[in-house]
Structure formats: structure tokens, C-alpha cells
Amino acid sequence: MLISLPQDFYTNLSKKYDIAINNGHMKFNGESAVNNIYHEKVNNTTFDCQLTFLKTLMYRPEKGEQKINPFAEPEPELTILDDFGPEDEFKLVYNKYPVVPKHFMMITKEFISQNTPLNSNELLAIYSVLQTLKNAPEKQEWIAFYNCGEESGASQPHKHVQFISLPPENFRPYPEDLISTSEPFIPSTTREPLQNPDIPFAHFVAKLPNISEVDKDDLTMIFSGLLQRVLTVLRENEANHISYNCILTTNYMMLVPRKKAKYAEKIGINSCGILGLFLCPSEETFNLCKEVGPLEILKDVGFPNTAGQSTDEYHY
Ligand code: AMP
């Protein structure tokens, strides 16, 4: 059973965003951003990606600390909902350095480490927000994402899950193709998550059952099933950290194990990059992304694809 949000949630999300932008509480120069969409062919797959050059990302703090924590007391002008979640344990707040209009986050009220996996209340809350956004009057595709662990591209250590809308046209994220011919995922040792062999890094995708019929135990079981594959890849590659990106929509959940946070120590990649949305704060990184190519970058920051390998009782 999903959690209800206020009836006027979406209207409020739009109104408060406009006020915060107009009053200078956020830094966003979206109108002068450069967005280039590419369709890269790899064997039978078309990998859609968007390279964005957005100058205001320069202001985003590179590494937050628990002592100087922007989520301990979020700015009132950036707060959308003060109490949210099965136990009112979360807040919804705007991202001060948005990558798209209305970019917002679910943060825990108490400090919880960003290195912890998503728990069942968090998953239920995320899916409740996604379902509400799906029913919003403005038709946009939204995703939630969670950058977990030191090599995932996260910058703040206080637990937060982010929500953004996808490019309105000409961009179809690769997991959509995978789920188009699949049954909903039920974790077991005989059922593998989906993985496209053409994509040069390990990624584990679960098609979800009809989201309004799913409960928090189902979501938790699916998340754990994907996390199990991530942990196996990390162990087999002798990683000394647990880092992964998680992308959630009302149709699928995807987890991607991460080897490192940056390509060539220069281009930071988080869940957005992993989905094909490259965010560049400078002309130098924007040009480097174009030069190297998105798939080459993702191959470098992820682990080798494991499509076709099955799980046995020795896997996590
Ligand atoms: P991540 O990089 O995934 O850890 O996400 C942390 C996000 O917090 C970044 O996207 C920042 O733009 C955002 N952020 C940093 N400082 C603040 C702040 N004071 N208020 C709201 N959002 C912030």
C-alpha cells in the first residue's frame, strides 16, 4: 500500500520552485544550458545519452561532511514537505543546484549514512512519490536515483534520494528496452535480473509488477535481489568498498556496481551518468565527454558486463 501525498503536492512543487528560483535560493542557469542528445549504436542496441553543459553545477559542493551538513537543517525556502514517510522520518527538499527544474530530494530527518542500502520504508516512500508524479497533470517521465557508497558519485554523506524529470523527447533510457519483453522480476536463484550484453558494464534491471499492487516487502525483496548481484560483482572484482548506483521508476529498478567515481579523475559520474545523462560543469569536461564517448566512460567507471552468468548458492 503506497503512502498518500497531499492532493496539491505537484501544484505546490511547481509553485514553491518558482518562488525559490526567483528569490535566488537555488542556483540554476537552465535556460543557457547546452543539451546534446546522441544515439550510440552498439551491436543490436541503441544507447541514448544526453551531454549537458550546465555552468551552475560548478557551485555544487564537491564533498560534504557530517559536520557541515546542508541536510541537518534544510533551508525553509527549499523545504517542500517537513514530514513524510511511514513514520514521518523523511523530508522532501529541493536540490539547491538543480540539474532540471523542480529537481528535489527525499532526505532522512536524522543523520543516516549514504553508504547504507535502501530500507523498506525508504523504498515505499520513493515509490509513493514516483506514483504521485506519474499522475501529475504535467506529463513528464520522472526517475528517482540513489548514489550509494564512496565510489558512486555521491557528494553528501547524509542519506538522500533524488528525483528528476527525464528529457522530454528523443531519449529512451536503455533499461526500457530490456523490460519491454520481460515478465516482472521475482528474485530466486533460478531467475536472473535483466542485463543487456551489448552494454559494456554490469547493470542489473528488474521489471516491476504493477506498482499500485506492490507492497513494501515486494519492493524490498526486489531491491535485495539486485543488491545480491552487485555484491557478487564487487566481491569477484576484489573491490574494497560497496558502491553502486540505483535508479528507480514505476516500471523498473536498476542497480549498477561502481569501480570508481570519476573518469580520468576529471568527469564525475553518478546515477544520472549511468543512465546516459552526463552532467558537465565546465567546457573542458563537456568536450572530454564528447571526445572519449559516453560508453567508454561508463565502461571505465563500472565493472565488466556479466550477462549470461548464472547465480548459485555461493553468490551473496
Ligand atoms: P549527491 O552528489 O548524490 O550526494 O547529491 C547531493 C546533492 O545535494 C547535490 O546534487 C547537491 O546539488 C545538493 N546540495 C548541496 N548542498 C545543498 C544544500 N545546501 N541544499 C540543498 N541541496 C544541496
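All ligand and atom numbering here is 1-based and tracks the order in the structure.
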Heavy-atom side-chain contact between L166 and Q50 under 4.5 Å: no
Just do the side-chain contact (heavy atoms from CB on, under 4.5 Å) check on K259 and F201 with the steps written out, would you? CA-CA 10 Å; K259 192 193 309 175; F201 56 88; over 6 Å; no
For the side chain of E122 and the backbone of N119, is there at least one donor-acceptor N/O pair under 3.5 Å apart? yes
Under a 3.5 Å cutoff, is there a donor and acceptor pairing between the side chains of T52 and N35? yes
Can you check whether N196's main-chain N or O pairs, donor with acceptor, with H203's side chain at less than 3.5 Å? yes
As a test of reading the model: which residues have a non-hydrogen atom less than 4.0 Å away from ligand 1? R60, P61, P70, F71, L78, Y94, N95, K96, Y97, M105, N147, G153, A154, S155, Q156, H160, Q162
Given T108, which partner from the list K159, H158, E89 fulfils the side chain to side chain donor-acceptor pair (under 3.5 Å) test? H158
